[in-house]
Amino acid sequence: MDMNLEFISGLNEPQKSAVLHTEGPLLILAGAGSGKTRVITHRIAHLIINKNIYPYKICALTFTNKAAKEMQERVIKLLSNSGNLVMIKTFHSLCLYILRKYPEKINLHSGFTVYDTSLSESLLKEIIKDLSLDNKAFKPKNISSVIQNSKDKMILPEEFLDELPKDSFYKSIGKIYTLYEERKMERNALDFGDLILKTVILLKEYPEIKNYYNNLWEYIMVDEYQDTNKCQYILTTLLAGEKKNICVVGDDDQSIYSWRGADIRNILDFEKDYKNTYIVKLEENYRSTQNIITAAGSLIKNNSDRKDKTLFTNKEIGKKITLTECPSEMDEARFVLNKIKDLYKFTGKYSKIAVFYRTNAQSRFFEEALRENNIPYKIYGGFRFYDRAEIKDMMAYLTILINPDDTGSLLRIINFPPRGLGDTSLEKLRLNAIENNVSVFEILKRGNTDLRKSAKLSIENFLSNYNDLSIMIKNNMNPSAIAKSLVVQMGIEDELKKNADPESLDRLENIEQFIESIQEYEDSTENPNLSEYLNMISLYTSEEDGVEITDYITLMTVHNSKGLEFDTVFLTGMEEGTFPHFMSLEEKMGVEEERRLCYVAITRAMQDLYISHCQYSRKYGEIQKREPSRFLSEIPENLFQTGSEISYRTPIRAPFAKEREIKEKTNFQANSINNSTFKVGSKVKHREYGIGKIVDISGVGDNKKAKIRFGYTEKNFLLVYTPLEIVEN
DNA sequence: TTAGTTAAGATTTTT
DNA sequence: TCTTAACTAA
């Protein structure tokens with residue numbers, strides 16, 4: 001047989017065998033940095049080039065949009081245009097893609113909304129209220145996670161009530177769950193969990209649909225298989241169908257999402273579930289130095305339940321891992337800062353350096369240190385563009401244009417900008433809707449409500465604007481044009497310009513940026529329309545804004561680091577209680593997952609790994625003595641180097657609170673002394689509000705007040721308490 | 001309806 | 001300690 005194997009000549013033997021094994025179940029145990037994406041993409045290329053499989057017969061599933069995008073790009077690189085035809089999607093987007101075709105089969109109609117967490121939670125909040133449950137015991141967040149977890153486990157409301165303990169608490173949750181499903185349906189909406197669950201139900205209930213997809217996608221590939229939950233597992237088996245040409249890739253040692261329902265048994269038991277599974281182990285690491293790999297290996301072997309495999313590398317031994325003990329978190333930040341400065345002197349680059357921490361709260365110290373020294377940094381996976389309130393408002397507005405029954409979105413924006421429809425009015429409308437068994441939008445349209453005259457008027461006004469915008473949709477106008485006139489017509493622009501404080505202007509700018517992103521979508525699509533756009537971004541959460549700076553330090557939680565790599569990694573806060581986190585200490589499996597998490601962190605580093613821990617750190621504002629993480633003692637001492645950093649072990653200073661006190665005092669004094677230097681007309685910089693101009697000064701001594709104008713608003717400050725920088729006097 | 005105050009609660013978060 | 005949500009006063 002003529003085969004073009006040239007393109008896989010660069011692969012090692014196990015990689016090749018994985019690429020060439022195309023029929024039947026295949027389990028690829030891919031250690032960290034072992035080139036798994038390479039294997040997946042080459043396997044796809046091999047199927048198409050050598051096995052004459054049509055590109056659209058292959059479906060690859062990932063967890064993140066980022067991974068899907070990267071995989072598609074790499075496939076296109078190998079195959080050029082036909083790479084576009086390979087179906088590469090996230091679990092959720094594939095399911096959405098399927099469900100959009102059969103909305104009526106899952107009792108919805110076209111144009112249904114996908115609820116994000118905040119919309120789900122506000123619906124739950126309503127339900128908790130309507131059921132007159134104690135809102136201290138029933139928190140939307142907690143209930144939401146119980147419900148989502150149940151969905152991940154394929155437990156429907158009825159089963160929930162049957163299976164779970166019959167105490168009143170769980171009974172109530174069962175009631176909430178039932179009602180939640182009903183209301184969501186009425187609103188023509190789905191939540192994230194539904195996307196997978198309803199697809200599973202659809203494929204099970206309609207064999208002809210399942211057959212259709214089984215014939216369409218003959219080859220299924222699943223990335224990060226260790227992270228699949230039960231529901232996703234069932235989905236993959238349904239997609240694999242009778243042919244069972246299913247290739248799963250994963251690493252049990254990197255399973256760090258069990259708390260989100262990921263079931264590590266899915267990968268551990270794959271060979272039991274699929275007879276004649278062919279197993280390939282990718283154990284050669286191409287990323288890190290020997291020292292780093294040895295450290296990671298010695299750590300992870302302390303876990304009990306894992307597939308037997310050992311990572312190795314042919315790279316150089318490399319530098320020793322630097323272990324540094326710091327008196328306080330501030331010292332730790334300073335240590336990292338100084339090291340970063342040193343590294344920058346050598347490399348002239350920040351972009352290959354990352355700082356990891358276990359919990360988000362730890363980032364502050366590093367942010368502070370970097371900001372003070374004007375070193376650019378970005379928090380990866382931090383606050384996302386689409387999480388901003390104003391963007392969510394825009395989304396909600398656009399959503400109700402497509403799906404007016406989506407009461408959740410409607411309630412979100414009905415009083416933004418303020419229309420005199422406060423909590424009481426909204427509650428009336430909502431209850432009215434429930435009574436009449438229609439959506440709130442329908443109630444608005446009927447208009448015979450017992451609201452104040454002014455409220456009625458503003459509703460009428462809202463509806464007339466709504467109609468104008470609807471007409472634009474009917475006329476197939478561009479989504480960006482609709483969004484633009486929405487911002488004006490609905491009074492969003494006026495509202496934000498009216499309170500022209502820096503924050504509002506910022507929000508307006510974000511909205512403009514949002515509209516720009518819609519335009520980008522239009523430019524890259526043949527027949528752009530609003531509903532397709534919303535469909536696309538409903539599952540799109542990452543920060544896709546064209547950031548100006550390209551060279552920056554990356555700060556992130558260890559969870560976020562999975563799948564990434566950096567020349568230099570700072571793994572910080574390696575103390576008992578922080579990492580492993582105290583919440584995980586109760587169960588053995590909890591500590592094992594923390595260990596895997598630590599393994600993930602270590603294996604991100606290519607060259608340099610700096611591990612640090614503090615003698616004292618704060619928890620909820622209380623200073624506590626800390627012991628080094630148990631994980632540190634699981635790594636052979638000879639891999640560490642503490643010598644050159646030992647000088648940094650300054651004696652225990654009054655940790656923290658005192659430092660802050662001193663700092664505040666000096667600030668206070670500085671301002672007292674400098675009080676006289678502020679005068680009307682001075683340009684000053686405020687930490688929060690930015691640059692402003694002093695328009696008035698009143699009072700004497702410590703009572704001296706300054707009225708400062710920022711943009712279009714004025715604010716009063718007591719000078720002694722306000723840290724102000726003089727920009728121009 | 002809003003602004004201001006107070007009390008509670010505080011891992012991790014691919015979609 | 002710091003943030004957020006729930007309460008209270010204007």
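Naming convention: chains lettered A, B, ... in sequence-line order (proteins, then strands); numbering from 1 in each chain. Treat the numbers as computed from the prediction; the structure is a model and nothing was measured.
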**OP:** Would you indicate, yes or no, if dT14(B) has its OP1 or OP2 atom less than 4.0 angstrom from a side-chain nitrogen or oxygen of Asn560(A)?
**Re:** yes

Original post:
Is there a side-chain polar atom (N or O) of Asn360(A) under 4.0 Å from OP1 or OP2 of dT13(B)?
Top reply: yes

Subject >> Pair Gln362(A), Thr359(A): side-chain N/O donor-acceptor within cut-off below 3.5 Å >> reply: yes

I need the [atom1]-[atom2] distance between [X] and [N], as an integer number of Å.
{"X": "Lys619(A)", "N": "dC2(C)", "atom1": "NZ", "atom2": "C1'", "result": "15 Å"}
{"X": "Lys139(A)", "N": "dA10(B)", "atom1": "NZ", "atom2": "C1'", "result": "11 Å"}
{"X": "Tyr386(A)", "N": "dT13(B)", "atom1": "OH", "atom2": "P", "result": "21 Å"}
{"X": "Phe582(A)", "N": "dA10(B)", "atom1": "CZ", "atom2": "P", "result": "9 Å"}

Original post:
Is any side-chain N or O of Arg260(A) under 3.5 Å from a base N or O of dT12(B), one able to act as donor and the other as acceptor?
Top reply: no

**OP:** Taking the six-membered ring for Trp and the single ring otherwise, decide whether the centroids of Phe570(A) and Phe366(A) are under 6.0 Å apart.
**Re:** no

Original post:
From the list dT14(B), dA10(B), dT2(B), which nucleotide is the closest neighbour of the side chain of Asn415(A)?
Top reply: dT2(B)

Original post:
Heavy atoms under 4.0 Å, any strand shown: does Lys125(A) hit a base, just sugar-phosphate, or nothing?
Top reply: sugar-phosphate

Original post:
In terms of heavy-atom contacts, does NZ of Lys456(A) have more than 12 from other residues, nucleotides or ligands at under 6.0 Å?
Top reply: yes

